Amino acid sequence: AQSVTQLGSHVSVSEGALVLLRCNYSSSVPPYLFWYVQYPNQGLQLLLKYTSAATLVKGINGFEAEFKKSETSFHLTKPSAHMSDAAEYFCAVRDSGNTPLVFGKGTRLSVIA
Amino acid sequence: NAGVTQTPKFQVLKTGQSMTLQCAQDMNHNSMYWYRQDPGMGLRLIYYSASEGTTDKGEVPNGYNVSRLNKREFSLRLESAAPSQTSVYFCASRGTGTHEQYFGPGTRLTVT
């Protein structure tokens, strides 16, 4: 069965600092991997996705993630945090076919001025 | 293009009352999903519909029923609401041959 583990329910960074949000997955087949962002009182918006093409994936708002099969990881990074990045971030996995996304528990990112 | 819409946005129920959450998408997607979001729990799948006319249970189906009314609409029904069903409910859809799910704005439900 697929599963996702997000390390750290809350991450706090200073404005301009590196953002690193960790995600490890478990899947018996090559997975499709996703990062979603949720701003307060809103729905989920896709940040980026890995679908077996390039292992380094660039998304919106300057975020990127690298698929590392040997580490079963898909960590999300951004070189320089902005106040507007404060939100909750969810990593999700799906294998082939019609299977739904399985989500991690989320990481709340705070950005300190 | 409205994407995925959900009604209502907010609802307060008393224990034992019933209600239906509505979801519609205008992207001609085959697959639709209902999740609930609780603090510290992420999103958990309640039910999904891989295509019109089919539905399947997810991780937390107890206390819920669904109807895939047509290709556009997928409703979630609570027959007898319980305080444990206080949550934010999200509907999502996905097109065949694509990978990502598109989410609606959510329904915030409180059961007292």
Side-chain angles (χ1 to χ4, degrees), chain A residues 1-10 21-25 27 29-54 57 59-60 65 67 74 87-108, chain B residues 2-7 9-10 21 23 25 27 29-61 66 68 74 87-108:
Chain A
Q2 310 157 84
S3 67
V4 172
T5 301
Q6 291 185 240
L7 294 175
S9 59
H10 183 209
L21 304 182
R22 299 178 187 275
C23 172
N24 289 89
Y25 69 91
S27 176
V29 298
Y32 301 117
L33 293 158
F34 307 81
W35 277 99
Y36 282 83
V37 60
Q38 184 183 33
Y39 298 104
N41 300 313
Q42 294 189 25
L44 276 73
Q45 179 183 1
L46 181 69
L47 263 182
L48 50 79
K49 63 183 178 184
Y50 167 77
T51 57
S52 76
V57 181
I60 61 172
F67 171 67
F74 191 57
E88 186 142 25
Y89 292 80
F90 292 94
C91 184
V93 64
R94 188 174 78 83
D95 58 24
S96 60
N98 271 328
T99 56
L101 290 181
V102 174
F103 284 86
K105 295 188 188 307
T107 297
R108 183 164 60 89
Chain B
V4 180
T5 56
Q6 293 183 235
T7 56
K9 286 185 166 46
F10 301 94
L21 281 64
C23 173
Q25 52 88 13
M27 296 175 282
H29 287 171
N30 281 322
S31 301
M32 298 185 73
Y33 312 86
W34 277 105
Y35 291 86
R36 60 177 287 174
Q37 182 181 23
D38 302 290
M41 301 294 289
L43 278 80
R44 293 180 292 169
L45 183 68
I46 305 171
Y47 271 95
Y48 68 103
S49 171
S51 61
E52 188 178 353
T54 68
T55 60
D56 286 287
K57 294 179 180 180
E59 180 185 356
V60 289
V66 290
R68 184 73 183 266
F74 188 38
S87 188
V88 181
Y89 291 85
F90 287 100
C91 178
S93 70
R94 181 176 69 85
T96 301
T98 65
H99 301 292
E100 63 267 34
Q101 292 175 193
Y102 294 85
F103 284 81
T107 294
R108 187 173 296 272

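What you see below is based on every heavy atom in this structure, not just the backbone, and it leaves out hydrogens, waters and symmetry mates. So you know, we letter chains A, B, ... as the sequences are listed, proteins then strands, and number each from 1. All of these numbers come straight from a predicted model, not from anything done at the bench.
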Applying a strict 4.5 Å limit to non-hydrogen atoms, the region of Leu101(A) in contact with chain B is both
Which of parallel (below 30°), tilted (30 to 60°) and perpendicular (above 60°) describes His99(B) and Tyr32(A)?
-> tilted
Here the pair of heavy atoms bringing Gln42(A) nearest to Phe90(B) is O-CZ, 3.8 Å
Residue Leu43(B) versus chain A: region with a heavy atom under 4.5 Å = both
Side chain, backbone, both or neither: which part of Gln37(B) has an atom under 4.5 Å from a heavy atom of chain A?
-> side chain
Pick out which of Tyr47(B), Trp34(B), Tyr48(B) makes a side-chain contact (heavy atoms from CB on, under 4.5 Å) with Pro100(A).
-> Tyr48(B)
To the nearest 0.5 angstrom, please state how far the OG1 atom of Thr99(A) sits from the CZ atom of Arg94(B).
-> 7.0 Å
Interatomic distance, Leu46(A) atom CG to Phe103(B) atom CZ [nearest 0.5 angstrom] | 9.5 Å
Given a strict heavy-atom distance threshold of 4.5 Å, which part of Ser9(A) is in contact with chain B: side chain, backbone, both, or neither?
-> neither
Side chain, backbone, both or neither: which part of Gln38(A) has an atom under 4.5 Å from a heavy atom of chain B?
-> side chain
Top of Arg44(B), Gln6(B), Arg108(B), Gln101(B) for chain A proximity - count of heavy-atom pairs under 4.5 angstrom | Gln101(B)
At a heavy-atom separation under 4.5 Å, does Thr107(B) approach chain A through its side chain, its backbone, both, or neither?
-> neither
